[in-house]
Amino acid sequence: MVKVSGGARTLRGVASHLDYIGREGRGDIETDDGQILHEKGIENALLSDWDLDLPAGRGARGRTRKPSKLVHNLVFSMPEGTPPDKLLKAVRTFASNEFGLRHRYAMTLHTDQRHPHVHVVVKAISEDGERLNIRRATLRQWRQDFAQCLRGLGIEANATERAVRGAVTPRKLDGIHRAARRGASTHMQRRAENVAHELAQRDLRVEPGKNTLTRTRDAVLRGWTTLADALDISGRLSEAAAIRKFTARMPAPATEKEWIADRLREARQRTRTAESPELTR
């Protein structure tokens with residue numbers, strides 16, 4: 001997986017993220033020129049070396065506009081069991097091919113979670129003054145290139161779209177996700193409060209994006225069904241059966257509101273069970 005986990009628009013924000021991924025000096029940060037940094041305070045040295053300058057903050061007629069990103073924060077991850085050293089090597093190759101001699105970058109490997117992952121911080125402005133704009137097509141290409149780097153190291157990897165895999169869990173910026181886990185996400189708190197109010201009123205309104213999700217899922221299922229039928233015709237019955245089993249287990253497509261509503265219902269049910277243990281006897 002390759003995803004953008006945010007970015008920083010201020011020097012303080014860049015320093016804070018570098019400090020975070022470097023585990024406050026306890027982890028190694030590898031730079032684009034091959035240096036290994038592992039002391040607290042190295043973020044200040046990188047800021048100076050990268051010559052990060054804040055862009056002008058005023059637009060037409062003197063109106064203040066939101067500053068552009070100084071860096072992009074990327075995350076490259078693989079499933080549990082993937083050799084961390086090979087993951088880091090694959091990211092190193094990808095970053096050199098994609099950003100080398102153009103965009104300054106730094107990376108670090110994290111193995112404290114089940115899925116090993118590599119954080120990469122990329123300077124948004126290249127050495128030639130061109131801005132790095134990351135679009136959906138950019139991410140699709142990066143996933144394909146990253147998968148190729150992994151396969152070159154003997155790791156089976158394919159760049160499969162989330163919709164094709166049947167993934168339905170809403171994706172959030174890492175900052176929102178971490179804040180939600182420690183109970184400090186105002187975004188998720190507001191969303192949860194709104195959903196809880198609609199549930200209490202028995203009026204959970206369907207979001208406009210639901211139709212798009214449903215159409216996408218229908219198209220994905222048609223594609224898998226076509227493939228399974230073709231495998232049946234060619235005599236590869238076990239593979240066709242595996243595909244049909246996989247699609248049958250796909251969770252129903254859900255919007256963020258529906259996902260939150262399900263979590264609230266589950267929490268409410270756990271509370272009722274805890275308050276009435278006789279229900280579980």
Side-chain angles (χ1 to χ4, degrees), residues 1-10 12-14 16-17 20-21 57 59 63-75 77 113-115 117 119 133-140 160-221 247 249-277 279-280:
M1 180 181 71
V2 182
K3 70 175 181 179
V4 179
S5 64
R9 303 176 189 275
T10 66
R12 184 175 181 178
V14 178
S16 177
H17 188 69
Y20 161 72
I21 67 172
R63 291 176 298 182
T64 301
R65 67 167 182 258
K66 193 174 185 179
S68 301
K69 286 184 180 180
L70 297 176
V71 299
H72 295 289
N73 302 329
L74 311 178
V75 179
S77 66
Q113 298 179 14
R114 292 176 57 189
H115 297 72
H117 56 282
H119 289 271
N133 294 311
I134 304 175
R135 300 180 173 86
R136 289 186 179 181
T138 308
L139 281 174
R140 283 197 295 270
T160 308
E161 295 289 333
R162 281 171 52 85
V164 176
R165 300 196 308 270
V168 298
T169 303
R171 298 180 63 179
K172 287 294 176 187
L173 296 179
D174 275 5
I176 293 177
H177 175 66
R178 292 194 299 271
R181 289 181 62 183
R182 64 175 183 268
S185 172
T186 57
H187 169 86
M188 294 303 291
Q189 182 178 349
R190 287 195 301 270
R191 290 287 283 163
E193 289 173 350
N194 292 336
V195 173
H197 176 73
E198 291 185 14
L199 285 175
Q201 299 297 319
R202 299 181 183 276
D203 183 27
L204 188 65
R205 302 181 184 91
V206 178
E207 293 173 291
K210 178 68 174 184
N211 290 332
T212 300
L213 287 175
T214 302
R215 289 195 300 270
T216 300
R217 172 56 62 82
D218 290 342
V220 167
L221 289 176
T247 55
R249 291 181 175 178
M250 278 187 179
T255 64
E256 179 184 84
K257 179 186 289 188
E258 291 173 325
W259 182 82
I260 293 175
D262 286 341
R263 302 292 83 73
L264 290 174
R265 293 188 186 102
E266 290 172 2
R268 186 180 304 168
Q269 183 59 44
R270 286 196 298 270
T271 300
R272 289 174 178 171
T273 301
E275 293 175 348
S276 305
L279 295 178
T280 62

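Position 1 is the first residue of the sequence, and the numbers go up from there.
- Proximity of V14 to R9: side-chain heavy atoms (C-beta onward) are nowhere separated by under 4.5 Å.
- Looking at I21 and N73, their side chains never come closer than 4.5 Å, going by heavy atoms from C-beta outward.
- Heavy atoms only, all atoms of each residue included: T10 and L70 are closest at C-CD1, 3.6 Å.
- Under a 3.5 Å cut-off, the side chain of T138 and the backbone N or O of R135 do form a donor-acceptor pair.
- Shown here for A8 and G13, the closest heavy-atom pair between the two residues is CB-C, 3.6 Å.
- Two residues are said to be in side-chain contact when any heavy atoms from C-beta on lie closer than 4.5 Å; L199 and L264 meet this criterion.
- In this structure, the side chains of H72 and I134 come closer than 4.5 Å at one or more pairs of heavy atoms.
- The two atoms that bring H117 and H115 nearest to each other are ND1-O, 3.1 Å, heavy atoms only.
- Taking a cutoff of 4.0 Å between a charged side-chain nitrogen and a carboxylate oxygen, R215 and D218 do not qualify as a salt bridge.
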